[in-house]
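Just follow the structure's listing: the first ligand is 1, and inside any ligand the first atom is 1.
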Amino acid sequence: MANADLMDKLVSLAKRRGYIFQSSEIYGGTGSVWDYGPLGVELKRNVKDRWWSSMVHQRDDIEGLDAAILMHPRVWEASGHVENFTDPLVECTNCHRRYRADLPEVEGGQCPSCGTRDAFTEARLFNLMFKTFMGPVEDSSAAVYLRPETAQGIYVNFLNVQGTARQKVPFGIAQIGKAFRNEITPGNFIFRTREFEQAEMQFFVKPGEDEAWFDRWMDTRMEWHRDLGIRPEKLRFHEHGPDELAHYAKKAFDVEYEFPFGWKEFEGIHNRTDYDLSRHEEFSGKRLQYIDPGSNERFIPYIVETSMGVDRVMLVLLADAYREEDVEGEARVVLGLHPAVAPIKAAVFPLVKKDGMPELAEKLNASLRAAAIPSFLDAAGSIGRRYRRQDEAGTPWCVTIDGQTNEDGSVTIRDRDSLEQVRVATDKVTDWLSERLS
Ligand code: ATP
């Protein structure tokens, strides 16, 4: 399958099955903004819950936080975003479209839109932060920004969290939330958008211990992605060279996936040194030092950050899971999502609409839902069509109530990937599924 085809197919499947819709579609859509539908929102929540569980619930050295999107404007001066969070921008003097100057076509001198050659203006720097106003007066003293990353909310709360949670360095703070960047060239579906979600963890360590922690976090994060069932050969690290390093970073590695449009970052692991806390000390005039309770030593911790784009992980999962197969001469599309993140865990089918099968199916569906196993009852169409719909939606198991159910109380459970079918007692289906989901 050609790579461009795969992206088209993903966009179309995502819409058809209720994963992702274009924002404000009835008005013709909003540029590069997407809405998550009934299945998309489940996939997203599952990814976030799994991340939160591994970071916050399963460890005692990381605390959670949910800081506000709007922050004091000085935060963004301290962080360096007012000064440095810019992309070079050129405009085509023929069609007046604007592009990032570092796009390969633009560097080649040709306008990607109208094709005119050598008609670009000089590059100028464009700040990617969305600016708005707090309160009713629209003047510069009321200007605030929509946060372009969630990390700063963590830094300004460093001592609040450390003190109230009685944590000792080394420890971390984790947060999931929206971030906004006025990207000049958004695109590739949900890969680069102007509104997106980040799952970030900032780990505070003693200077000198930062490199060992950096290595540990690299391993931990890569393992997390592999555990999601992403094909290992499609994952790799990319180390930032000196010209790629952000102004705050001593060392940075991207976790990359081989998307249909090439190897691209979907998580960044950064050694931010003491840059952020030092700058916030300087700009706020408040001390942000940590006092070691054992030695009474005072220091500004170094920070190792893991910053994952939730939407990008979703694109990784969808692209990695998409398969087209031939099953006994019949084509099928499958989303082979890991059961832990699949939106619907089981579909329930009454084979025919008689002999009490619909009632039994409803009862089973209700008991699965009562056990918090998201399930879906489908009584419409041939059994083959019902399987195809669930295969496309990524549902790992389909449970069929059939003629034998009335005789011995068992149902058939069919596995999405192996297509194997097993018979399980109706009252054991919840346990059977729970065992496989834990
Ligand atoms: P890129 O080079 O692709 O613009 P970045 O290096 O600026 O990304 P970071 O600032 O390190 O990204 O942000 C951490 C993570 O946030 C990224 O790995 C990515 O998953 C996500 N992210 C950043 N910008 C966007 C965006 N415009 N749309 C969706 N996700 C994004």
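- What sits closest to atom 22 (N) of ligand 1 on the protein, heavy atoms only, is F196 CE1, 3.5 Å.
- In terms of protein heavy-atom proximity, atom 19 (C) of ligand 1 is nearest to R312 NH1, 3.5 Å.
- Using a 4.5 Å cut-off on side-chain heavy atoms (C-beta onward), V144 and K131 make no contact.
- Side-chain contact between E63 and V56: absent, with no pair of heavy atoms (C-beta onward) separated by less than 4.5 Å.
- Partner of F204 under the side-chain contact (heavy atoms from CB on, under 4.5 Å) criterion, chosen from I154, D274, V161, D210: I154.
- The F191 neighbourhood of ligand 1 comprises atoms 28 (N), 29 (C), 30 (N), with distances under 4.0 Å to a heavy atom of that residue.
- Using modelled atom types and a 3.5 Å distance limit, the side chains of E91 and T121 yield no donor-acceptor pair.
- The minimum heavy-atom distance between M314 and G40, with the atom names listed, is CE-O, 3.6 Å.
- In terms of polar-atom proximity, F266 is counted as a contact of ligand 1, with an N or O under 3.5 Å from an N or O of the ligand.
- When non-hydrogen atoms are compared, ligand 1 lies under 4.0 Å from the side chain of E183 (C-beta onward) but not from its backbone.
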Ring pair (Phe, Tyr, Trp, His ring centres under 6.0 Å) evaluation trace for W34 with F21: CA-CA 6 Å; W34 302 89; F21 309 124; 9.9 Å; no
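- Cation-pi geometry between R414 and Y387 is met: under 6.0 angstrom from the ring centre, within 45 degrees of the axis.
- Near R181, meaning under 4.0 Å from one of its heavy atoms, ligand 1 places the atoms 5 (P), 7 (O), 9 (P), 10 (O), 12 (O), 13 (O), 23 (C), 24 (N).
- Considering both main-chain and side-chain atoms, M308 never comes within under 3.5 Å of ligand 1 through any nitrogen or oxygen pair.
- Contacts between R194 and ligand 1 below 4.0 angstrom, taking non-hydrogen atoms only, are absent altogether.
- At a 4.0 Å heavy-atom cut-off, ligand 1 touches E267 through the backbone alone.
- The shell of residues lying under 4.0 angstrom from ligand 1, judged by heavy atoms, includes H270.
- When only modelled atom types and interatomic distance are considered, R272 and Y155 share a side-chain donor-acceptor pair under 3.5 Å.
- Heavy-atom contacts of S307 reach the following atoms of ligand 1: 13 (O), 14 (C), 15 (C), 18 (O) (cutoff under 4.0 Å).
- Distance from atom 13 (O) of ligand 1 to its nearest protein heavy atom, with residue and atom name: Q198 NE2, 3.4 Å.
- For the pair E265 and ligand 1, the shortest N or O to N or O distance falls below 3.5 Å.
- Taking every heavy atom of both residues into account, A340 and R50 meet most closely at CB-NH1, 3.4 Å.
- Ranking protein heavy atoms by distance to atom 28 (N) of ligand 1, first place goes to T193 N, 3.0 Å.
- One distance of note links OG1 of T273 with NZ of K251; it measures 13.5 Å at 0.5 Å rounding.
- In this structure, the protein non-hydrogen atom closest to atom 4 (O) of ligand 1 is R192 NH1, 2.7 Å.
- Atoms CG and CG, from L128 and D87 in turn, are 4.5 Å apart once rounded to the nearest 0.5 Å.
- In terms of protein heavy atoms, atom 21 (C) of ligand 1 is closest to G309 CA, 3.7 Å.
- At a 4.0 Å cut-off, not a single heavy atom of D311 sits close enough to ligand 1 to count as contact.
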